[in-house]
Structures are given as C-alpha cells and as structure tokens.
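A short write-up of the structure that comes next.
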Amino acid sequence: MSEVARLELDGKIYELPVITGSENEKAIDISKLRDLTGYITLDSGYKNTGATKSAITFLDGEEGVLHYRGYSIEQLASKASFVEVSYLLIYGELPTHDELDDFEKSIKKHTLVSEDMKQFFEAYPAKAHPMGVLSSMISSLSTFYPESLDPNRSKEAKNLTIHRLIAKLPTLAAWSFKNSLSHPFMYPRNEFDYCENFLYMMFAMPTEEYKVHPVVVEALNTLLILHADHEQNCSTSTVRIVGSSQANLYSTVSAGISALWGPLHGGANQEVIEMLEQINNDGGNVDKWVAKAKDKADPFRLMGFGHRVYKNFDPRANIIKKACDDVLEKLNINDPLLAIAKKLEKVALEDEYFKERNLYPNVDFYSGIIYKALGIPTEMFTVMFALGRLPGWIAQWKEMTENKEPIGRPRQVYVGHTSREYIDISKR
Ligand code: CMC
C-alpha cells in the first residue's frame with residue numbers, strides 16, 4: 001500500500017499521498033488539498049515547498065552532496081568539459097564522442113550575433129552594469145529569431161534555439177565588458193573551445209596577439225561546471241515560472257539573469273570581493289567584521305556565507321577553495337584578499353553564532369578571488385555565474401515544457417482590508 005500522510009482539520013481526517021524521490025526524498029502531495037479541505041498551504045520564500053519533480057540535479061544540503069544527472073560534482077569538475085556537462089544537463093546523458101562533436105560544431109556555428117545588435121551596445125551609458133546589458137541583450141535575441149516565439153515547435157527548432165543561446169551568450173557577455181571599456185568588440189574565433197573563445201573575446205585586442213594561459217582556461221572550465229545547475233534556486237524557479245507561461249526561451253532566460261543579479265543570489269560573488277576589499281582597506285580586522293555580521297542592529301551580513309539548502313558545507317565551495325590556491329600559485333599571484341578570506345572563514349567557523357545557524361562558506365565565497373586572478377573585473381562576476389548557469393536554466397526549462405507542467409501561479413492568504421465603501425475625494 002502506498003504511503004499516505006494524515007491531516008486532521010475541523011475534526012475530519014484527510015489522507016494525502018506521499019511521494020518518494022529516487023534518492024528517498026519524501027514529499028506530501030498537497031495538489032488536491034484545497035479541493036478537499038478549502039485550505040491552502042502558506043510557505044513564504046518556498047522554504048519547504050517542492051515546486052516540481054525533476055530528474056536533473058540532486059542536492060542533499062545536510063550531507064553536502066551535489067549530483068548532476070546522478071554524477072557527482074567532484075567527478076564532473078575534475079574530469080569533464082563545461083560543454084560536455086551542458087549536454088549532460090540538457091539531454092540527460094553524457095554525450096558519446098560523436099554526439100559531443102556534433103553539439104560543439106552546432107554551437108560554434110552560431111557564435112556570431114547580428115551586426116544590428118552592436119547598435120544596442122552603443123546606446124547604453126558607459127557605466128551600465130553588464131548584468132543589465134546582458135539580460136536586455138538576451139531578451140532582444142527573441143526579436144532577431146521570431147520563430148523562437150512559439151516554444152512548442154519541433155524538436156529540431158527547439159534545439160536550434162537552445163544551441164543559439166549557448167553560442168551567443170558568451171559573445172554578448174564579452175561584448176558588454178568591451179563596451180564598458182569603449183574597446184573594439186572581438187569577434188568569436190571558432191578554432192577555440194568554449195572557454196578559450198570567451199576569454200579571447202574578453203581580453204584580446206585587434207592590435208596584438210593574444211594567447212590564453214591554459215591554467216586560466218582550466219580554472220574557468222571548473223568554475224562554469226560548478227555553477228551549471230543547482231535545482232530550484234531563485235533564478236531557476238524564475239526560469240520555470242516565466243517559461244510556464246509559454247514565453248520564448250530567450251525572454252525566459254533573460255528573466256533568470258535578472259533574478260540571478262540580486263546580492264542574495266548570484267550577485268553575492270561581486271559583493272564578496274567588495275566586502276574583502278573593504279575589510280582589507282579597513283586594516284584587515286576580521287573580528288570586527290564578524291561582530292558586525294552577528295549584530296542584528298547592523299544590516300551587514302558576511303557575503304558568501306550561508307545557504308538556503310546547505311546546512312553542512314557547500315561541496316562547490318570546497319572545490320573552489322582548492323582551485324583558488326592552485327590558480328594563484330600557478331599564476332604566481334599573491335592576493336592579500338585570499339589571506340583575509342581564509343581568516344574570515346576560520347573565525348566564522350569557530351564562532352557560536354555561525355555554528356548554531358549552520359552558516360558555511362558558499363560557492364561565491366572564493367569564486368571572486370579566482371575570477372580576479374583570471375583578470376575578470378568585479379562587475380563581470382555575476383555575468384560569469386550566468387554563463388555557467390545557462391545550461392541548467394535551459395535543462396530545467398526543457399524538462400518543464402516536455403513534462404507539460406501547468407502555468408505557475410501560487411495562491412496567497414489575503415490580510416488587507418475587508419470590503420469597504422468608496423469615499424469621495426472631497427471627504428478624505
Ligand atoms: N551573515 C550573517 N548572518 C547570516 C548570514 C550571513 N551571511 N546568512 C544567514 N544569517 C543568519 C540570519 O540573520 C538568520 O539569523 P536568525 O535566525 O538569528 O534570524 C539565520 O542566519 C538564517 O538566515 P536566513 O536569512 O533566514 O536564511 P535564508 O535561507 O533565508 O537565506 C541566504 C540564505 C543565502 C540568502 C543568506 O544566508 C545570505 O543572505 N547570505 C549572504 C548572501 C550570499 O552569500 N548569497 C549567495 C548564496 S549561494 C549562491 C546562490 O546559489 O545564489
């Protein structure tokens with residue numbers, strides 16, 4: 001007999017089905033609750049609400065486990081390429097040699113963007129944040145490919161939109177950086193792989209030859225894999241909810257980019273570096289800043305610390321911390337911010353406030369130090385997160401559309417005025 005949960009309400013007992021996931025995760029299916037009882041559930045911030053059944057990413061926040069399609073993040077980060085992981089997330093299996101070759105070729109075919117898009121860049125103010133530029137540019141792609149407006153077309157048409165998006169996002173991201181410097185745009189070079197090509201478009205100049213350091217390419221590949229998916233986080237839930245209205249993929253992902261930008265989500269990587277710089281400029285007194293983070297009257301939080309679902313360590317942070325040491329050593333960089341970050345981590349992890357609340361460094365704590373070492377400017381950090389998260393957003397959108405999930409539309413408990421009479425303006 002299948003498992004049920006019993007709920008007692010107004011003296012009546014209701015049986016609700018229990019759903020068990022493949023990793024033994026349990027959920028009470030409340031989809032019929034309102035029909036049965038007249039009640040809804042209330043869960044601000046969706047802290048305890050499963051919005052979907054998904055076969056893409058498994059995360060055990062208590063044990064610090066993260067798997068993409070069953071493969072551990074540790075194995076993928078050390079053995080796979082970002083494009084291979086993108087294929088795995090989107091299509092469900094690791095690609096064969098031929099499948100990977102076809103996928104890479106298809107992406108390379110679409111790396112250019114319409115010349116008309118260059119005019120958009122010119123219209124932005126010089127100080128425009130690249131995340132604002134990127135989200136607008138990605139939504140604008142829908143105007144160049146109107147056939148993408150119907151997300152339910154053939155499998156081939158859907159794949160074309162997906163490949164175009166994966167191909168063009170690095171070009172638009174790198175151009176948003178070039179534009180902020182008023183430097184000439186560098187066109188994609190398809191003899192390079194995905195990460196090399198992005199670095200080339202970011203850092204090459206037409207006046208001189210540019211050679212990408214292999215350590216930099218490897219580090220970028222690892223960082224992008226670590227960011228590639230993270231189940232139903234804020235931006236991914238945004239993607240699923242926007243996509244559920246059958247908006248096109250470009251606009252849907254643009255909404256995900258906007259959600260990612262916030263400092264409590266992907267924007268934290270920029271905030272971490274700015275915080276470390278502030279602590280450094282303030283004399284490096286880590287204890288003072290830990291005390292500020294604990295003080296409820298002070299709005300300051302330790303950026304890069306804490307996570308909604310990880311109540312042990314964030315496995316991505318462990319990999320990034322090691323990669324950080326490795327990259328700085330190989331590139332012969334001595335960054336004082338790394339020493340501050342390590343001291344901050346040590347002090348916080350030994351502090352009762354952080355221990356009681358299970359607050360550990362998250363993926364954003366050390367990633368900024370690596371990006372800085374790779375020469376990526378601070379304002380571009382969240383764009384790097386978007387570049388990494390793109391295959392996850394696409395995979396989640398594809399799963400949602402293929403499962404024909406209904407439009408996302410939560411309910412509410414109304415706490416405003418009850419019905420009242422209109423008062424004429426002369427009497428107010
Ligand atoms: N510094 C100080 N106190 C904190 C922090 C922090 N970074 N994070 C949480 N707390 C405290 C919080 O004040 C609360 O204390 P109390 O129980 O006394 O009220 C308790 O810990 C629980 O925090 P919460 O805000 O209720 O937890 P949440 O699950 O709603 O928020 C979070 C998760 C990530 C938004 C939060 O930990 C935070 O603001 N961290 C800093 C921003 C950050 O690093 N974000 C990146 C997340 S990882 C990348 C991604 O996937 O987006």
Side-chain angles (χ1 to χ4, degrees), residues 43-49 56-57 59-62 64-66 68 73 131 223-240 256-276 278-279 286-321 341 344-371 378 381-393 396:
D43 182 19
S44 182
Y46 311 118
K47 292 193 178 194
N48 205 36
T49 295
I56 302 170
T57 288
L59 197 167
D60 183 337
E62 277 71 34
V65 169
L66 177 62
Y68 298 160
I73 193 66
M131 280 298 274
L223 283 166
L224 296 187
I225 291 174
L226 294 177
H227 286 88
D229 195 48
H230 211 234
E231 49 118 300
Q232 308 310 316
N233 55 82
C234 175
S235 58
T236 302
S237 300
T238 302
V239 162
R240 283 188 94 120
I257 294 172
S258 300
L260 186 74
W261 192 0
L264 298 188
H265 190 11
N269 57 14
Q270 175 173 342
E271 302 273 331
V272 170
I273 282 291
E274 287 169 359
M275 172 189 80
L276 294 174
Q278 203 178 0
I279 298 176
V286 161
D287 293 324
K288 171 181 155 189
W289 290 84
V290 169
K292 266 169 81 61
K294 292 178 348 185
D295 179 358
K296 294 290 173 199
D298 189 326
F300 175 76
R301 278 192 167 197
L302 265 197
M303 298 313 284
F305 255 78
H307 201 276
R308 171 60 63 77
V309 287
Y310 288 120
K311 299 303 169 199
N312 190 323
F313 61 97
D314 177 341
R316 304 168 300 172
N318 278 1
I319 301 171
I320 289 189
K321 188 179 176 184
L344 202 57
E345 179 184 353
K346 190 167 181 294
V347 172
L349 291 184
E350 285 166 2
D351 189 289
E352 273 315 306
Y353 174 98
F354 290 85
K355 282 206 262 185
E356 267 169 25
R357 291 168 179 78
N358 295 316
L359 300 171
Y360 292 86
N362 60 47
V363 69
D364 291 324
F365 193 65
Y366 286 102
S367 66
I369 298 176
I370 307 191
Y371 287 137
T378 318
F381 287 2
T382 315
V383 169
M384 305 306 295
F385 196 151
L387 188 61
R389 185 53 53 86
L390 180 64
W393 287 331
Q396 301 269 352

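We count ligands from 1, going down the list as the structure has it; atoms in each ligand are counted the same way. The figures that follow rest on heavy atoms only: side chains count, while hydrogens, waters and symmetry mates do not.
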Numbered in order shown, the ligand 1 atoms found under 4.0 Å of a heavy atom of G304 are 43 (C), 44 (O)
So the atoms of ligand 1 within less than 4.0 Å of a heavy atom of K47 turn out to be 26 (O), 30 (O)
So the atoms of ligand 1 within less than 4.0 Å of a heavy atom of H307 turn out to be 34 (C), 37 (O), 48 (S), 51 (O)
With the threshold set at under 4.0 angstrom, would you say E271 reaches ligand 1 through any of its heavy atoms? no
A student checking ligand 1 against A268 at a 4.0 Å heavy-atom cut-off should list atoms 43 (C), 44 (O), 45 (N), 46 (C)
- prompt: Quick one: does S237's side chain have a donor or acceptor within less than 3.5 Å of a partner on Q232's backbone?
  reply: yes
| message | I'd like to know if the side chain of D314 reaches the main chain of V363, judged simply by a donor and an acceptor atom lying under 3.5 Å from each other, with no hydrogens or angles considered. | response | yes
Ligand 1 atoms nearer than 4.0 angstrom to some heavy atom of A293 are 2 (C)
Atom 42 (C) of ligand 1: closest protein heavy atom, distance to 0.1 Å, is M303 CE, 3.5 Å
- Query: F365 near ligand 1, heavy-atom distance under 4.0 Å?
  - Reply: no
closest protein heavy atom to atom 52 (O) of ligand 1 is H265 ND1, 2.5 Å
Logged contact type for N233 with ligand 1, heavy-atom cut-off 4.0 Å, is neither
- prompt: Any donor and acceptor pair, going by atom type alone, linking the side chain of Y366 with main-chain N or O of P361 inside 3.5 Å?
  reply: no
Is there a donor-acceptor contact under 3.5 Å from the side chain of N312 to the main chain of E62?
yes
* For the residue pair H230 and H307, does the interplanar ring angle fall in the parallel (under 30°), tilted (30 to 60°) or perpendicular (over 60°) class? -> perpendicular
closest protein heavy atom to atom 14 (C) of ligand 1 is K296 NZ, 4.0 Å
Among R301, R389, R357, R308, closest by heavy atom to atom 23 (O) of ligand 1 is R301
protein heavy-atom neighbour closest to atom 34 (C) of ligand 1 works out as G306 O, 3.7 Å
Non-hydrogen atoms of D364 versus ligand 1: any pair closer than 4.0 Å?
yes
Residue, atom and distance of the protein heavy atom nearest atom 5 (C) of ligand 1 read L359 CD1, 3.9 Å
shortest atom 41 (C) of ligand 1-to-protein heavy-atom contact is with F305 O, 3.4 Å
Any heavy atom of N362 under 4.0 Å from ligand 1? The part involved is side chain
The closest protein heavy-atom partner of atom 7 (N) of ligand 1 is L302 O, 2.7 Å
In this structure, atom 45 (N) of ligand 1 is nearest to the protein heavy atom L264 O, 3.0 Å
I'd like to know if the side chain of N362 and the backbone of Y360 have a donor-acceptor N/O pair within less than 3.5 Å.
no
